Amino acid sequence: MEPAARKLKPATGQARLPLFLRAAWGQDTPRAPIWVMRQAGRYLPEYREIKSKASFWEMCRTPELAAEITLQPIRRFGLDAAIIFNDIMTPLPPMGVEIEFSPGPVIQKPLRSLKEIEALTVPSQAEIAPFLEAAIKLARHELEPTGTPLIGFGGAPLTLATYLVQGSGSKDFEHFRVFLRTEPKAAHLLLEKLTELSIRYLKAQIEAGAQAVQLFDSWAGLHDQRTYREFALPYNRRVFEALSGLETTSPNGLSEAPRIYLAVGSSHLYPVIQELPCEVFSLDWRMELGQIRSFFPGRTLQGNLDPTVLLASLPVITEEAERVLQGGLGGPHIFNLGHGILRETPPEHLAHLIRVVRAFDRQQANQR
Ligand code: 1CP
């Protein structure tokens, strides 16, 4: 296993690295940095305002809009990291796949045969999403005064394949799971192409200025360990290995972008997932951080408050958040939700959560 998590980057000027990046590189920070998945989204009135005037693709493909949406939650809450607004589906249309959003992705012609998969092209890095590179540069410029780091992201090959074959979100994703069993050769070809695509998509983001990258494997948890080992692990590993050592610009000069892996509903896969060469594992709420730590020795854990907690009262939010913070004490921790924030969330509840996380002194709590 690559001992990636153990090398703090850059070697000098660590004290000036933003808290989020220090924790991502494995430092036990005095308090846990906090950002939340889907922090730019429909629970924010200012997001809905833009959404009322533009389609989802327009929002993704117009650099000024994507940068503006990225900054909305930073202006409102002052989180410890921003995540560039776009979608895991963004690199797929340049492969020759038509996608609409309603509100989740809908593939016009789901892929089911080897012939359809052979016809997919893998666009060059420059062709995939030039608008996203422009949005990253704009967002970085705007974030410079606060020093808030910017996260880039993409979908893991298996999760992208899940949508391409199933055609849309689904409870059981039965077409995709049958496809893996009946067309393994076609599945591997699709995953090969998506791996190359994901590498180019994420490299483009790091080169444009993304200071960390998160690979979303939202649907990995559908599978057993054997299937994950065959159809996910080798491809995820290749994506992460290709991103190792890539330099992005930072106020301290050049520095490497830490790699974050998110799998949802995947506690049964942790013994396999831990083999991935990445610095941070983002975990859902189904197991407590204290129980999970032993699967990922020496790595940073990110998570793992149940997003529905933010719909409860402020005292409940405080209690549950403190439980997560306590569970995160055994090593480096980045506070986040276990999955995306729900659209029904009152924004002031997130503001309260941020106060609770910031008030929690990890050094003091460790001595108790
Ligand atoms: O109606 C709307 O306003 C569109 C809703 C929406 C938003 C806000 C979609 C459609 N995508 C996004 C942005 C988005 N998607 C971000 C922005 C950055 C941020 O976190 O603030 C990110 C990181 C994503 C990632 C994404 N898209 C994932 C992985 C994360 C996850 O939730 O597991 C997935 C699976 C998608 C596909 C997708 N795009 C949109 C939706 C509603 C979905 C999920 C559909 C489904 O559940 O099957």
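For clarity, every value in this text was computed on a predicted model and none was experimentally measured. Atoms within each ligand, like the ligands themselves, are counted from 1 in listed order.
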Q) What are the two closest heavy atoms between L269 and H223, and how far apart are they? A)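 Looking at all heavy atoms of both residues, the closest pair is CD2-O, 3.6 Å.
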Q) Is any side-chain heavy atom of I83 closer than 4.5 Å to a side-chain heavy atom of T70? A) no
Q: Start with the C-alpha distance between E46 and R75, add both sets of side-chain angles, then the distance that settles salt bridge (Lys or Arg N to Asp or Glu O under 4.0 Å), and finish with yes or no.
A: CA-CA 11 Å; E46 55 269 38; R75 284 198 201 105; over 6 Å; no
Q: State which residues pass ring pair (Phe, Tyr, Trp, His ring centres under 6.0 Å) with F173; sequence neighbours excluded, sorted by chain then number.
A: W219
Considering only protein heavy atoms, which is closest to [atom], and at what distance to one decimal place?
atom                    : result
atom 1 (O) of ligand 1  : K51 NZ, 2.7 Å
atom 8 (C) of ligand 1  : Y47 OH, 3.4 Å
atom 6 (C) of ligand 1  : F56 CE1, 3.6 Å
atom 15 (N) of ligand 1 : D87 OD1, 3.1 Å
atom 30 (C) of ligand 1 : F216 CD2, 3.3 Å
atom 42 (C) of ligand 1 : G104 CA, 3.6 Å
atom 46 (C) of ligand 1 : Y163 OH, 3.1 Å
atom 22 (C) of ligand 1 : F153 CZ, 3.5 Å

Q: Return yes if some donor-acceptor pair links the side-chain N/O of Q39 with the main-chain N/O of P73 below 3.5 Å, else return no.
A: no
(Q) Determine whether a donor-acceptor pair (N or O, by modelled atom type, separation under 3.5 Å) exists between the side chain of K193 and the backbone of E118. (A) yes
Q) Considering only heavy atoms, does P73 approach ligand 1 within less than 4.0 Å through its side chain, its backbone, both, or neither? A) neither
Q) Which one holds for Q214 and ligand 1: side chain close, backbone close, both close, or neither close, with close meaning a heavy atom under 4.0 Å? A) neither
For [X], counting its heavy atoms only, list the atoms of ligand 1 lying under 4.0 Å from any of them.
X    : answer
P103 : 1 (O), 10 (C), 40 (C), 42 (C)
A40  : 8 (C), 21 (O)
F85  : 8 (C), 13 (C)
F101 : 10 (C), 39 (N), 40 (C)
G169 : 48 (O)
S218 : 29 (C), 30 (C), 31 (C), 33 (O), 35 (C)
N86  : 13 (C), 14 (C), 15 (N), 16 (C), 17 (C)

**Q.** Distance in Å, T308 OG1 paired with E344 CD, rounded so as to fall on 0.5 Å steps
**A.**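 Rounded to the nearest 0.5 Å, the OG1-CD separation comes to 10.5 Å.
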(Q) Using salt bridge (Lys or Arg N to Asp or Glu O under 4.0 Å), reason through K109 and E98 one step at a time and then give a plain yes or no. (A) CA-CA 7 Å; K109 291 193 210 90; E98 251 183 80; 5.2 Å; no
Q: Could you tell me if the ring centre of Y270 sits under 6.0 Å from that of F296?
A: yes
Q) For atom 34 (C) of ligand 1, which of L160, I83, L44, I88 has the closest heavy atom? A) I88
Q: Identify which of R38, H339, M89, M59 has a heavy atom lying nearest to atom 28 (C) of ligand 1.
A: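 Heavy atom nearest to atom 28 (C) of ligand 1 belongs to R38.
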Q: Run the contact test for P105 against ligand 1 with a 4.0 Å cut-off on heavy atoms, strictly below, and give the result.
A: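 So P105 counts as touching ligand 1.
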Q. Does V264 come within less than 4.0 angstrom of ligand 1, counting non-hydrogen atoms of the residue?
A. no
Q) In a check of side chain to side chain contact (heavy atoms under 4.5 Å, CB included) between L215 and each of L262, L202, I260, L243, which one passes? A)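 Option passing the side chain to side chain contact (heavy atoms under 4.5 Å, CB included) with L215: L202.
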Q: Report, as yes or no, whether the 6.0 Å neighbourhood of atom CD on E288 holds more than 12 heavy atoms from other residues, nucleotides or ligands.
A: no
Q. Which residue, R259, R22, R299, forms the salt bridge (Lys or Arg N to Asp or Glu O under 4.0 Å) with E279?
A.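 Per the salt bridge (Lys or Arg N to Asp or Glu O under 4.0 Å) rule, the option paired with E279 is R259, out of R259, R22, R299.
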**Q.** Derivation of the salt bridge (Lys or Arg N to Asp or Glu O under 4.0 Å) call for D87 and R61
**A.** CA-CA 10 Å; D87 200 82; R61 290 172 179 160; over 6 Å; no
